[in-house]
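These notes are about the structure you will find just below.
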Amino acid sequence: MEAARRHGVVLVLAVRPGDVVGEGTPLATAAPREADHVDVDALARELAGAVVLGPERTEEQDVAFGLRQLVDIAIKAISPAVNDPTTAAEALSFCGDLLMLLQQRRLGAQAVRDADGVVRAVLPDRDVDYYFDLVCAQPRRYGRGDPAVLVALLRLLRDCATVARDDAQRSAVRAQAGLVLEEASDGMLDHDARAVRDMARRVELALAGGVVEAYRDRAGETRSI
């Protein structure tokens, strides 16, 4: 922001924490605001000094990395070589905890203003749809035939529906629940399929404000199944 103010430009960053940055690829674009002429080389040096590059993603600055690791645990647990849906459900429950925390934060692109209120930098960031897709897409795909995994996903979505703050979050939850049902294997036993559909119904109840009824199945429930 300070570099953009000094040079009289608006910077739009092209990368966010966790992105791979290849040598020679752009970190940002600059658009003149007050300046008639921009010293591009000087601005580039200042920008390079303000951006930290490293060999690996970091959990402290890249929340998607922590979620990615938990999802990887889940999908490895349901691989044919391991066949451990309980561990997958446990990992997904922790993903749910993190998603609910993220729902309380401001997500998406952000504008940074200087002391005069002038926008000096636009920072890209991931929106709520990205995080829900990160957590749900691969587990529902690889666990499509396992009711324990699908119910764990829908239980996660029920929790997120309960704390949803706006229509965008509710829409993201509803879309993911629908995809779980679409992805569910036709080869499941009717008993198992009914359990999956019942949890999807409870997601919709939570979205509609019927929280008490949405959680009425919880007697004796453990976290992991």
Identify the two heavy atoms, one from [X] and one from [Y], that lie closest to each other, and give their separation to 0.1 Å.
X	Y	value
Val9	Pro32	CG1-CA, 4.0 Å
Ala28	Leu47	CB-CD2, 3.5 Å
Gln103	Cys160	NE2-O, 3.0 Å
Gln61	Thr58	OE1-OG1, 2.9 Å
Pro124	Arg16	CB-NH2, 3.6 Å
Glu46	Ala3	OE1-CB, 3.5 Å

Discussion item. Contact between Arg144 and Met188 at the side-chain level, heavy atoms closer than 4.5 Å - yes or no?
Written reply: no
Worksheet item: Side-chain contact, heavy-atom cut-off 4.5 Å: Phe132 with Val173?
Response: yes
Going only through I, L, V, M, F, W and Y residues with side-chain contacts under 4.5 Å, is there a path from [X] to [Y]?
X	Y	answer
Val12	Val38	no
Val135	Val163	no
Leu11	Val40	yes
Leu102	Leu153	yes
Leu157	Phe94	yes

In Å and rounded to the nearest 0.5 Å, what is the [atom1] to [atom2] distance from [X] to [Y]?
X	Y	atom1	atom2	result
Leu107	Tyr131	CG	OH	6.0 Å
Leu53	Asp19	CG	CG	11.0 Å
Leu98	Ser93	CG	OG	10.0 Å
Arg201	Arg158	CZ	CZ	10.5 Å

Practice prompt. Return yes if some donor-acceptor pair links the side-chain N/O of Gln176 with the main-chain N/O of Cys136 below 3.5 Å, else return no.
Written response: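 Answer holds: no.
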Worksheet item: Taking only residues at least two apart or on different chains, which pairs with a member in residues 177-189 satisfy side-chain hydrogen bond (donor to acceptor under 3.5 Å, both in side chains)?
Response: none
Worksheet item: Taking only residues at least two apart or on different chains, which pairs with a member in residues 104-120 satisfy side-chain hydrogen bond (donor to acceptor under 3.5 Å, both in side chains)?
Response: Glu34-Arg120, Arg106-Gln110, Asp114-Arg120
Atom pairs and distances, donor-acceptor, side-chain atoms in residues 66-76, under 3.5 Å, two or more places apart:
residue : atom : partner : partner atom : Å
Arg68   : NE   : Asp72   : OD1          : 3.2
Arg68   : NH2  : Asp72   : OD1          : 3.1
Arg68   : NH2  : Gln138  : OE1          : 2.7

Item to complete: Taking only Lys NZ, Arg NE, NH1 and NH2, and the carboxylate oxygens of Asp or Glu, determine whether Arg126 and Asp62 approach each other closer than 4.0 Å.
Response: yes
Worksheet entry | Salt-bridge present (Asp159, Arg155; N to O < 4.0 Å) | no
Practice prompt. List in chain and number order the residues that pass salt bridge (charged side-chain N to carboxylate O under 4.0 Å, His left out) with Asp167, two or more places apart in sequence or in another chain; answer none if no residue qualifies.
Written response: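 Testing Asp167 for salt bridge (charged side-chain N to carboxylate O under 4.0 Å, His left out), a comparison that skips the adjacent residues, returns Arg170.
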Worksheet entry | Side chains of Tyr130 and Asp125, donor plus acceptor under 3.5 Å |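 No donor-acceptor contact under 3.5 Å links the two side chains.
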Item to complete: Please step through side chain to side chain contact (heavy atoms under 4.5 Å, CB included) for the pair Thr25 and Val20, ending with a clear verdict.
Response: CA-CA 10 Å; Thr25 60; Val20 175; over 6 Å; no
Response to the item:
Under a side-chain separation threshold of 4.5 Å, the hydrophobic residues clustered together with Leu13 are Met1, Val112, Leu123
Item to complete: Sort out for me which residue in Leu150, Leu156, Leu154 forms a side chain to side chain contact (heavy atoms under 4.5 Å, CB included) with Met199.
Response: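 So the option named by the test is Leu154.
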With a cut-off of 3.5 Å and sequence neighbours excluded, list every side-chain donor-acceptor pair involving residues 203-212.
residue : atom : partner : partner atom : Å
Glu204  : OE1  : Arg174  : NE           : 3.3
Glu204  : OE2  : Arg174  : NE           : 3.3
Glu204  : OE2  : Arg174  : NH2          : 2.9

